[in-house]
Participant: 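My structure is below; once you've seen it, I'll send some questions.
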Amino acid sequence: RTLKIGLIPGDGIGREVIPAGRRILEALPSSLNLKFSFTHLDAGWETFQKQGVALPDKTVEVLKSDCDGALFGAVSSPTVQTKGYSSPIVALRKRLGLYANVRPVKSVGSGGKVGKVDMVIVRENTEDLYVKEEKTYTAADGSKVAEAIKRITEKASYNIAAMAGDIALRRQRVREAGAESIHSRPQVTVTHKSNVLSQTDGLFRETARRALAEQKYQSVKVEEQIVDSMVYKLFRQPADYDVIVAPNLYGDILSDGAAALVGSLGLVPSANVGTGFAIGEPCHGSAPDIEGKGIANPIATLRSTALMLEFMGEEEAAAVIYKAVDANLEEGRLLSPDLGGKATTEEVIEDVCKRL
Ligand code: NAI
Ligand code: MG
């Protein structure tokens, strides 16, 4: 099978880590029978400065018509409001219908203070308060009032819950195939605040429950957590969680919070997923403070590459990459400076590739 991958390095260390994704794909064992072809695509702040748009139409067209998946590095945002500039990753999610943001968070070795962590946060990515329908008006007493719409649909709630269920089942398959994990059975935690927002979050909760009650998720343990106590438990007993599903805003906050459990942003991958298409994306930004030094941690990108493969149905290839990354981290001999080591980006990539 030949897979066509779009590479969108973006800005800053995006350009130093996206090549790692390409390298690991090219280094996969030939027994997997996978071939890759790569297309370089523009997006980001530098693209904006050169072409006047942060996301050229060509990038979207090539992704739509000629790619099976893609890797996105990071982009720098202008520090002052710039006319005509808008975030290319937000636009990409919209234009490609990537309705889910999936963020696995896994600890190294025995984990930090809170012990081992191995969870995935599945965030709805198209609605909720982020529909950006806001208005400001003046109240009768002359003071200002601002309002925002929180829109929850049955359709999007259903789709995101089903995706969480599918991910829980897939994680179980990967575990059964030998991947080590702290979990022994699939579990999905539905997060909401329906005790207060009984209509919006109520619809999310109800719909998610209904989706996950379907026959194919029979083996998945489904539980619920109110979002505020979710935050508490996330930091007290993170090992209790396998897959967490949440509406957009709570998912955004939970996923950044969860990333803090494992030490460095340089470790945390994500994927933007729609029907039949996924873009792997490290969670970190363009890191101008370390740009050009050759010390950016490539692991978030390597894991994002594996995650992209999972959504392309290449679970075995993904597992091979996860294992190699875990082995590098566990041995701890070649770590980048963000993890307290001295290794360069190149040395980490080489070490992981050798372990494939
Ligand atoms: P950042 O994630 O770029 O950096 C935060 C800190 O983490 C820095 O000290 C950086 O050196 C470190 N770090 C991040 N990734 C690392 C890696 N792979 N290896 C080692 N250390 C790493 O966030 P920051 O500084 O807030 O933003 C910088 C720029 O990136 C801004 O222009 C921001 O708008 C943009 N950004 C873009 C994102 C995206 O494209 N998805 C996400 C977050 C920020
Ligand atoms: Mg965020």
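Ligands are counted one by one from 1 in listed order, and the atoms in each one are counted from 1 as well. Throughout, numbering of the chain's residues begins at 1 and tracks the sequence.
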Participant: Is it the case that the side chain of D11 and the backbone of S76 share a donor-acceptor pair, with hydrogens and angles ignored and the cut-off at 3.5 Å?
Facilitator: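 Yes: the side chain of D11 pairs with the backbone of S76.
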Participant: Thinking salt bridges, do D256 and R103 make one under a 4.0 Å N-O criterion?
Facilitator: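 Salt bridge: yes.
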Participant: Any ion pair linking D42 and K58 (charged N to carboxylate O, less than 4.0 Å)?
Facilitator: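 Result for this pair is no, no salt bridge flagged.
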Participant: Let me know which protein residues bring a heavy atom to under 4.0 Å of ligand 1; chain then number is fine for ordering.
Facilitator: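 Within 4.0 Å of ligand 1, the protein residues are I13, A74, V75, S76, S77, L265, G266, E281, H284, G285, S286, A287, P288, D289, I290, A296, N297, D338.
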Participant: What's the separation between atom CG in D252 and atom CG in L129, rounded to the nearest 0.5 Å?
Facilitator: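 One finds 11.0 Å between CG of D252 and CG of L129.
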Participant: Check D128 against L249 and note the closest heavy-atom contact, atom names and distance.
Facilitator: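 For D128 versus L249, the nearest heavy atoms are OD2-N, 2.9 Å.
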Participant: Quick one: does any side-chain atom of T82 pair with a main-chain N or O of V80 as donor and acceptor, under 3.5 Å?
Facilitator: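 Side chain of T82 to backbone of V80: a pair is present.
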